[in-house]
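Here the structure is laid out as structure tokens; the discussion comes afterwards.
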Amino acid sequence: MKVRFAPSPTGPFHIGGARSALFNFLLAKKEKGTFLVRIEDTDLARSTKESEENIKAALKWLGMNWDEGIDVGGDNGPYRQTERLDIYKKYVDQLIKEGKAYYCYCTEEELDKEREAQMARGETPKYNGHCAHLTEEQIEQYKKEGRKPTVRLRVPLNQTVAFDDMVRGHIAFESNGIGDFVIVKSDGIPVYNFAVVVDDHTMGITHVIRAEEHVSNTPRQLVIFDALGWQAPTYGHISLILGADKKKMSKRHGATSVDQYRQQGYLPEALVNFLALLGWSPEGEDELFTMDQLIEQFSMDHVAKNPAVFDIDKLNWINFHYMKKLSDEELYELCLPHLQAAGYAPQSPSADEKAWLMMLCTCVRDHVSYGAQIVDQVKMFFTDSIEEDQEHAADIQAVKDEDTYKTVVAAFKDKLQAMDQVTPGAVKAAIKSIMKETKLKGKFVFMPIRVAITGQMHGADLNYIVTLFGKDKTAARLEAALA
RNA sequence: GGCCCGAUGGUCAAGCGGUUAAGACACCGCCCUUUCACGGCGGUAUCGAGGGUUCGAUUCCCUCUCGGGUCACCA
């Protein structure tokens, strides 16, 4: 078995592309086959080197290293389509010689006009065969006019083009609906559908897993395979990823590129795990898997046909799970860039600063499901004023209205002033003794202090919050609460 | 509009003629924690509609509806 992932380097690496790559990767590894990566850059205008690098980096970041293809090499290179032009030319020439393809001199304006006319008549727009049987004289005439021809494939009429899809089952199209389509553009570069066929065949691809949007391309590719006398690979079309409004996931749905998730502080293991669960379901009841476990469990039988809505809540939950496994040091590494971006951490922290920042990260880790989220959680440590949580305003007021509110706050302030050093342990002891002295139980001691210092009903461990603020800042806040 | 694909809770989904219709996220409740969270336990909630086939349809067939994809000298 040999599968491939063939991205076009025309922009940010989309999350859907990552999922296609993942399913190919998983299948290849599961079947002990080969995972090949090739670059489809025949769109000269939109392809960029930067995008190619971005895609390769993202693939590696996600843990999908390829066995053959771009950069790593192999027996079937080159693996960038623009470097394979002579290979395509050979087969185009062959098709023309055999009369299976022909030059078309129609201009884009002429084609546009014809298409509009067909649409107006309610017909399926397709090439009308204008240049299918040109005479020598006509060809000479067009050449004299300086027209640059495209090459079209003669698509046989009255045939059923069908294939058995690994996820969708039998799918059939009528060849009459296709029309002679362009396989080489007027600039001499083959069109995607043609290059794909030549590559898939010459590279020995046996199975193609790609997104559902390619279903309607498949009959065209099948017709090319047929014209060339080759056998087509087995296809599997996976459904699309949708936004919350059930429309194809796009920019307006938020982050759509792998890089954006990386930048937001998501872990590659989490993204892989999440993507795998979008459209594929495991046998058992567990849903948390490492890449190796996914490979072990993966099967095309359990790939869903219907499109899936991208659920950020679930991604966050999975990411939270993987973040829990991080050591304090790793957590700090993940969060530091975000703290720096927010101006909460210096570019190169000293040992003391690092120790404080690490405690900061550890303190709020139960409330952070991806790196960038830490900024919100620690905001209060970097502002002088207390921002009260509006959503729980009533609860906060209730705490303040408690008869013992000021008693507790004042008592804690005294204990704090008396401390030699503020540490989580010291704070804990202080709170404990207040409970003993006032005979108040947990909540009635913790909440007044929490509200006075943070203005929130929820949050991280109070002992650490106080320690992080330090004696002076905490005292000032307690003071303000008493006023 | 033509062609193609799809339809189980709010979301991801299992199911493949007979089930009390799994599980996960989210939500709600309880327990734990002398606070908050984490964690544990439990709960609410789903077969798009109508026809068939069948002793019996979520499951098979048809129609409708809805959703999506695609109709390029883009991939």
Side-chain angles (χ1 to χ4, degrees), chain A residues 6-11 40-43 45-47 81 104 106-108 111-112 115 118-126 148-152 165 167-169 171-174 176-179 181-193 195-196 211-219 237 239-240 242 244 246-248 274 277-288 302 304-318 320 324 364-367 399 431-432 435 440-451 454 456-463 465:
Chain A
S8 300
T10 54
E40 312 217 323
D41 58 346
T42 54
D43 186 341
R46 294 196 303 146
S47 295
Q81 290 187 327
C104 169
C106 294
T107 63
E108 289 194 60
L111 294 169
D112 285 346
R115 189 176 311 116
Q118 287 171 330
M119 297 271 255
R121 271 179 266 138
E123 295 171 11
T124 303
K126 63 173 190 177
K148 287 248 190 300
T150 59
V151 178
R152 287 182 185 273
D165 193 278
V167 348
R168 275 151 219 289
I171 301 178
F173 293 85
E174 293 309 317
N176 291 7
I178 300 174
F181 58 92
V182 173
I183 55 175
V184 181
K185 298 181 249 184
S186 56
D187 61 2
I189 308 285
V191 108
Y192 159 79
N193 278 131
V196 164
E212 188 186 352
E213 56 198 339
H214 288 288
V215 170
S216 52
N217 274 322
T218 309
H237 290 93
S239 58
L240 265 12
L242 272 26
K246 305 240 179 190
K247 302 276 183 207
K248 186 173 169 179
F274 173 69
L277 256 22
L278 222 48
W280 168 80
S281 58
E283 290 272 2
E285 296 188 347
D286 291 339
E287 299 205 335
L288 268 358
H302 281 77
K305 295 195 252 293
N306 48 318
V309 172
F310 187 95
D311 182 9
I312 193 74
D313 283 336
K314 185 129 184 187
L315 204 214
N316 286 158
W317 175 76
I318 293 176
F320 179 76
K324 268 196 294 193
V364 300
R365 71 182 297 166
D366 281 346
H367 303 264
V399 169
I431 290 174
K432 214 165 189 177
M435 286 190 291
L440 289 167
K441 63 175 178 134
K443 192 172 160 177
F444 293 93
V445 176
F446 280 98
M447 290 319 283
I449 299 172
R450 179 181 291 282
V451 166
T454 70
Q456 312 278 319
M457 291 296 290
H458 311 281
D461 188 306
L462 202 46
N463 302 326
I465 290 178

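Order of the sequence lines fixes the chain letters, A, B, ..., with proteins taken first and strands second; residue numbering starts at 1 for each chain. Please read all numbers here as calculations on a predicted model, not as lab measurements.
Only the P atoms considered, B:G23 is 9 Å distant from B:G43, to the nearest whole Å. When the P atom is compared between B:U19 and B:U34, the two are found 48 Å apart, to the nearest whole Å. The same atom, P, is picked in B:C73 and in B:G15; the two are 42 Å apart, to the nearest Å. Comparing B:C32 with B:G56, their C1' atoms are spaced 48 Å from each other, to the whole Å. Look at the P atom in both B:G48 and B:G67: the space between them is 16 Å, to the nearest Å. If you take atom C1' in B:A7 and the same atom in B:U58, they sit 12 Å apart, rounded to whole Å. Across the P atoms, B:C4 and B:C74 are found 26 Å apart, a figure rounded to whole Å. For the C1' atoms, the distance linking B:A24 with B:A13 amounts to 8 Å, nearest Å.
Close to B:A75, at under 4.0 Å from its OP1 or OP2, lies a side-chain N or O of A:T42. OP1 or OP2 of B:U35 has not a single side-chain nitrogen or oxygen of A:K432 nearer than 4.0 Å. Contact annotation: A:H458 reaches the phosphate of B:A37 (side-chain N/O to OP1 or OP2, under 4.0 Å). Listed pair A:K248 / B:U70 meets the phosphate criterion, a side-chain N or O lying under 4.0 Å from OP1 or OP2. In this model, the phosphate group of B:A72 is approached by a side-chain N or O of A:R115 to a distance below 4.0 Å at OP1 or OP2. Under 4.0 angstrom from either OP1 or OP2 of B:A14 there lies at least one side-chain N or O belonging to A:S281. Within the 4.0 Å cut-off from OP1 or OP2 of B:U8, at least one side-chain nitrogen or oxygen of A:N306 is found. Phosphate contact (OP1/OP2 of B:U33, side-chain N/O of A:K443, threshold under 4.0 Å): absent. Look at A:K324 and you'll find a side-chain N or O under 4.0 angstrom from OP1 or OP2 of B:G39.
Taking atom CD of residue A:E212 and atom P of nucleotide B:C3, one finds them 17 Å apart after rounding to whole Å. Per the geometry, CZ belonging to A:F446 stands 13 Å off C1' belonging to B:A37, to the nearest Å. As a whole-Å value, the separation of A:R46 CZ from B:A72 P is 15 Å. Atom CZ of A:R365 and atom C1' of B:G39 are 15 Å apart (whole Å). Remark: P of B:G10 and CD1 of A:I312 are 21 Å apart, rounded to the nearest angstrom. Atom C1' of nucleotide B:C27 and atom NZ of A:K314 are separated by 15 Å, given to the nearest angstrom. A straight line from NZ of A:K441 to C1' of B:U35 spans 11 Å, rounded to a whole angstrom. Between the CG atom of A:L242 and the P atom of B:U11 there is a distance of 11 Å, given to the nearest Å.
Within 4.0 Å of A:G177, counting heavy atoms only, lies no atom of the nucleic acid at all. Residue A:R450 is classed as a base contact, given a heavy-atom separation below 4.0 Å to a base. When heavy atoms are screened at a 4.0 angstrom cut-off, A:S239 is found touching no nucleic acid atom at all. Residue-level contact check: A:T150 touches the bases, meaning some heavy atom is under 4.0 Å from a base atom. In this structure, A:E213 reaches the sugar-phosphate backbone alone: every heavy-atom distance under 4.0 Å involves primed, P, OP1 or OP2 atoms, never a base. Within 4.0 Å of A:K247, counting heavy atoms only, lie sugar-phosphate atoms of the nucleic acid but no base atom. Backbone-only contact: A:H302 has heavy atoms under 4.0 Å from sugar-phosphate atoms and none from a base. Heavy atoms of A:E40 sit under 4.0 angstrom from primed sugar atoms or phosphate atoms, though from no base atom. If you check every strand for non-hydrogen atoms under 4.0 Å, A:A172 touches sugar and phosphate atoms only. Residue contacts shown for A:M447 are limited to sugar-phosphate atoms, with no base heavy atom under 4.0 Å away. Backbone-only engagement by A:G279 is indicated by non-hydrogen atom pairs under 4.0 Å involving sugar-phosphate atoms exclusively.
Inter-residue side-chain proximity for A:L288 and A:W317 is flagged as met; some heavy-atom pair is nearer than 4.5 Å. A heavy-atom distance below 4.5 Å is not found between the side chains of A:Y192 and A:P190. Side-chain atoms of A:L440 and A:M435, non-hydrogen and from C-beta on, never get closer than 4.5 Å to each other.
For B:C41, the paired base is B:G29 (Watson-Crick or G-U wobble, both distances below 3.5 Å). In this structure B:A22 sits in no base pair that meets the Watson-Crick or G-U test at under 3.5 Å. Across every strand in view, B:A75 sits unpaired, with no contact that passes the Watson-Crick or G-U test at under 3.5 angstrom. The pairing partner recorded for B:C3 is B:G69, the criterion being a Watson-Crick or G-U wobble arrangement whose two distances lie under 3.5 angstrom. Remark: B:A13 base-pairs with no nucleotide; criterion is Watson-Crick or G-U wobble with both hydrogen-bond distances under 3.5 Å. Remark: B:U54 base-pairs with no nucleotide; criterion is Watson-Crick or G-U wobble with both hydrogen-bond distances under 3.5 Å.
In this model, a side-chain donor or acceptor of A:N217 finds a partner on the base of B:A75 within 3.5 Å.
Candidate nucleotides B:U11, B:C5, B:A75 were compared by shortest atom distance to the side chain of A:R168, and B:C5 ranks first.
Interatomic distance, A:K314 NZ to A:N316 CG, rounded to the nearest 0.5 Å: 12.5 Å.
In this structure, the side chain of A:S8 does not engage the main chain of A:T10 through any donor-acceptor pair within 3.5 Å.
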